[in-house]
Structures are given as C-alpha cells and as structure tokens.
Protein chains: 2
Amino acid sequence: MAVAARKLRLYLTLGQRLFRDSLLFHLLLQDDIDLVGESDSGADTLQRLAAAAPGVLVIEENLRDNDGLTIAEHALNLSPTLSILLIAETQVSPGRLAIYLDAGIKAVVSKQQAMQDLLKTLYYIRNGQVYVGSWQRTDSEESGAARAFDGLSGREREVAQLIASRVCIKEIADQLGVSCKTVHSYKDRIFAKLGFERMPELILFMKRYHNGAVP
Amino acid sequence: MAVAARKLRLYLTLGQRLFRDSLLFHLLLQDDIDLVGESDSGADTLQRLAAAAPGVLVIEENLRDNDGLTIAEHALNLSPTLSILLIAETQVSPGRLAIYLDAGIKAVVSKQQAMQDLLKTLYYIRNGQVYVGSWQRTDSEESGAARAFDGLSGREREVAQLIASRVCIKEIADQLGVSCKTVHSYKDRIFAKLGFERMPELILFMKRYHNGAVP
DNA sequence: GAGAGGTGTAGGATCTTCCTACAAGGCGTC
DNA sequence: GACGCCTTGTAGGAAGATCCTACACCTCTC
C-alpha cells in the first residue's frame, strides 16, 4: 500500500447546534476523522482556524454574521492548503459552482443532498482534489439507489428486509433456518454491495426504497 | 418489569435532506425507534400520516409549504393521540411555547439546542406526556456538562482523554499497563456517569469541554 | 466500627465485524 | 463441451465491543 492514510483533520462551521451535533456525531463515527474545531459563526472560525490547523473546513453558505464564501476566501488567505467544502442552501447552478471553484473552494454540497454525498465528497477532497459533479445528480442517483436493491440475491433481500424491520440477527437465523454466521455473511455482502457501513444506512435505504415492511 | 416498552413509531418532517438524513441516522441507531415515514413538506406529511400511523411526529417549524404549527394542528385533527415534537428555528419564548402547548404540541426543541436534548425530549413525550423546560436551559446545561467531567475518577479521565484522541483500547491498555478488560470497564463507567451511549458523544464532549488533546 | 459507596482491576457471555473457505451452479470463451 | 471465473448459499475463526458481575481497597458517614 502506498500512503498510510492520515486522519482527516476536520473543522466544521454550521450555525445551528442541532444539526452541527448531528452531523458531527455521524462524522465522528468514522474513525479516521479527527475533529479539530467547530464554530457557529464565520468570525469565530477565522479566529480559531490557525490554532486548529484543519485539513478540511466544512462551512455553511449562509452564516449569520457573514456568508460562507467570504469566510472561505479569508480562510484560504490564512492557510492556502486548506480544503474547503461549502454547504449550500440549495442545489447550486453550474454558474455559481464556477464562482465557488474560482474562489478556491474544493467542493459544494447542498442541503438538499444526501448525507452520503457529503461523506463521499469529504473523502474525495481530503487530499486537496477538487470535487465537481455533486450538483448534477439528484434524481438519477435516487433511482440508482433504488436499483441497487436489484443487485442483491434472494437471500440477501430477505435478510435486508428483516434487518430493516429491526428483527435481530438471532431471530432472522431462526426464521430462515440457517446459522447466525450465515446471516452475518449476508449482512456483510449486502453492506459491500450497497456500499453501506452501518445499520442505519441500510434501514433508511430499505424504508425509503423498499417500504421496510416485508411484502 | 411493568411495561414492555414498545418501539417508538417515528415520523420525521424536515425540509433539508442533508439534515433529515443526518438526524435519522442518529435516531435509527437507537434500536427502539422505528421509522414509519418521513417528508420534506407539510402537505406530504398530512397525506401520508394516516397510513404511517406514527406515535410521534417530529416536525420542523418553518416548512417551505406551510408552517409546522398549522400542519401540527391538522395532524392532531387526523389523529388526536399523536405526540408532536416541534423543531423551532430559534429558542422559543415562554409566550410562544404556551401557544404551541395550547395547540396540543407535546414539546418544542430549537435548532440551537443539543442533539441530546432532542433525543431526551423524544423519549419523554413518547408516552403522550408533555415536555416543557427545554427552552429554559442553554448556558447552565453547558457548564453542567463541563462539570460532569469532574465526576470522573483519575483513571476514568485518563481513559476519556485517550479515547477522545482516538487511541484504540488496546493501546490505551498498554499505555496504562492494565488489561483491555479494565479499560473497557473504565469506558463503561465513563459512559454511565456522563450518560453517553456511543463513542461520538464522548469524543465530542471531550473535544468541546476538555480540548481533546491530553494536557 | 459497620455499612455504603466510589475506585482500580478484571473475568465471562454474547454480539459484531472482518476475513476466509468452500461446494454448487451459471456464464463465457476457446 | 471443457475449463475457468463469478455469484450464491452456507459457515468458521479471530478480534473487538458491550453488558453484567465480582472483588479488594479506601473513605465517608451515622
């Protein structure tokens, strides 16, 4: 293996505490993400940025004291190697995206996008790469997600459905008449096929695209 | 034991997909929460509420098609036993809280409150109880959280700090010269004392109130 | 001074996660 | 049509996490 992937030093600026908490909780489940700071305002961010020395700054577009773009530009002045991910209010148009990229922002994710988009983008830009493309999805992605279900085998679907209904592994094993080990194998394969890492992702996926209830 | 606590049937209405995902992810980690529906608009919510038959509706105050209060009132007309938790934009004043409670809403949590407040409130109202008090905290709560650290014993603090720095259990055990089992015991006690259930909560707590870095 | 409660330490049961294995069948290509 | 590769159903093992229990000390309180 080439590079021993270092931890991602993350700084998050988001005005609303509830969502900041919730996003951070999610992000901190990834054990290669190291939180080095957080703020609810732009001024605060700029003030603490140097000391925190993050690798990636995730910042909201509309902060109460300033707009994220301005803050981002200041931040880039302070530390030019910083990767910035802007969280936009709405889907950004190509024109606006170009402005953002010109300003040195590495990626833009809108509040209408899925959490997984944010995560993927975050990992993508961690090494300084620019990530475009996130704005041009929405529908195709969604149906793609739904279609991913078709890639599961019969047993895998059964297990996915039972798991989404919160039936525990032991019970699933009993119901299907196989060993727990086997059920775990199915679960692992489902996760691998769908690219999930944790239960809530699978549950959410099943609820959304396959109605959760066993048909 | 008296009542076998049934699963909490949750419906979440929140306009922004990113935050909805993120909140749901968090909520679905609790294995007694069953997601029965979600929407990004009020109209959609009302339309699907009857079929979903949730026990608790968590709904945002400012939806793009209507305000949450209006939707909540309609929802209560449809199913009077529904418990509604309103997510307000900002800290609500006692006056506004009274209006909400009059309308039959069981609790209000603002977007400036901590995620844990939402969770606690959710569990509180699940049985139809009204939950007031959430609006009257902020500062005292925060310093209370910080003070909770003082309740930890010496070993517990060491372990908390190491865990927050993402040192793995095995390494912590080596560093302290005790067995992994012992480190797990410390971790369990820390969680019990601080009321946490998962790593990210502890990490966030340490980063926020104790700087994460070992002093 | 006896019991209550906190602290440092650890064991066992059970569950998860991750990795590996392997037989049976399908599909592809030469 | 035979050989090889991929998928599917099945499961085992190792390592780690969670939950519960234990137990020797120490200190505080009645």
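Within every chain, numbering begins at 1; the chains are lettered A, B, ... in the order of the sequence lines, protein sequences first and strands thereafter.
Judged by distance alone with a 3.5 Å cut-off, a donor-acceptor contact links the side chain of A/Arg189 to the base of D/dT10.
Whole-Å rounding puts the A/Met199 CE to D/dA17 C1' distance at 14 Å. Atom CG of A/Asp188 and atom P of C/dT20 are 12 Å apart (whole Å). With rounding to whole Å, B/Glu197 atom CD is found 12 Å from D/dC19 atom C1'. In this structure, CZ of B/Phe191 is placed 16 Å from C1' of D/dC20, rounded to the nearest angstrom. Here D/dA17 presents its P atom at 14 Å from CG of B/Leu202, a figure rounded to the nearest Å. As rounded to whole Å, 12 Å separates atom C1' of D/dG16 from atom CG of A/Asp31. Atom CZ of A/Phe196 is separated from atom C1' of C/dT16 by 19 Å (rounded to the nearest Å). Counting to the nearest Å, the C1' atom of C/dC18 and the CZ atom of A/Arg198 are 14 Å from each other.
For the pair B/Arg9 (side chain) and B/Ala53 (backbone), a donor-acceptor distance under 3.5 Å is present. At distances below 3.5 Å, at least one donor-acceptor pair connects side-chain atoms of A/Glu201 with backbone N or O atoms of A/Arg198.
Using cut-offs of 30° and 60° on the angle between ring planes, the pair A/Phe205 and A/Phe149 is tilted.
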Tabulate protein N/O versus nucleotide N/O from nucleotides 24-27 of chain D, keeping only pairs under 3.5 Å, one per line.
none

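No side-chain N or O of B/Thr90 forms a donor-acceptor pair with one of B/Ser110 less than 3.5 Å apart. Residues A/Ser39 and A/Tyr11 have side chains that bring a donor and an acceptor to within less than 3.5 angstrom of each other.
Electrostatic pairing of A/Glu38 and B/Arg208 counts as a salt bridge here, judged by a charged N lying under 4.0 Å from a carboxylate O. A salt bridge links A/Glu60 with A/Lys111; the closest basic N to acidic carboxylate O contact falls under 4.0 Å.
The environment of A/Phe196 atom CZ is dense: over 12 non-hydrogen atoms of other residues, nucleotides or ligands sit within 6.0 angstrom.
Cation-pi geometry between B/Lys120 and B/Tyr123 is not met at under 6.0 angstrom from the ring centre and within 45 degrees of the axis.
Taken residue by residue, residues 166-186 of chain A places heavy atoms nearer than 4.0 Å to DNA chain C at A/Ile169, A/Lys181, A/His184.
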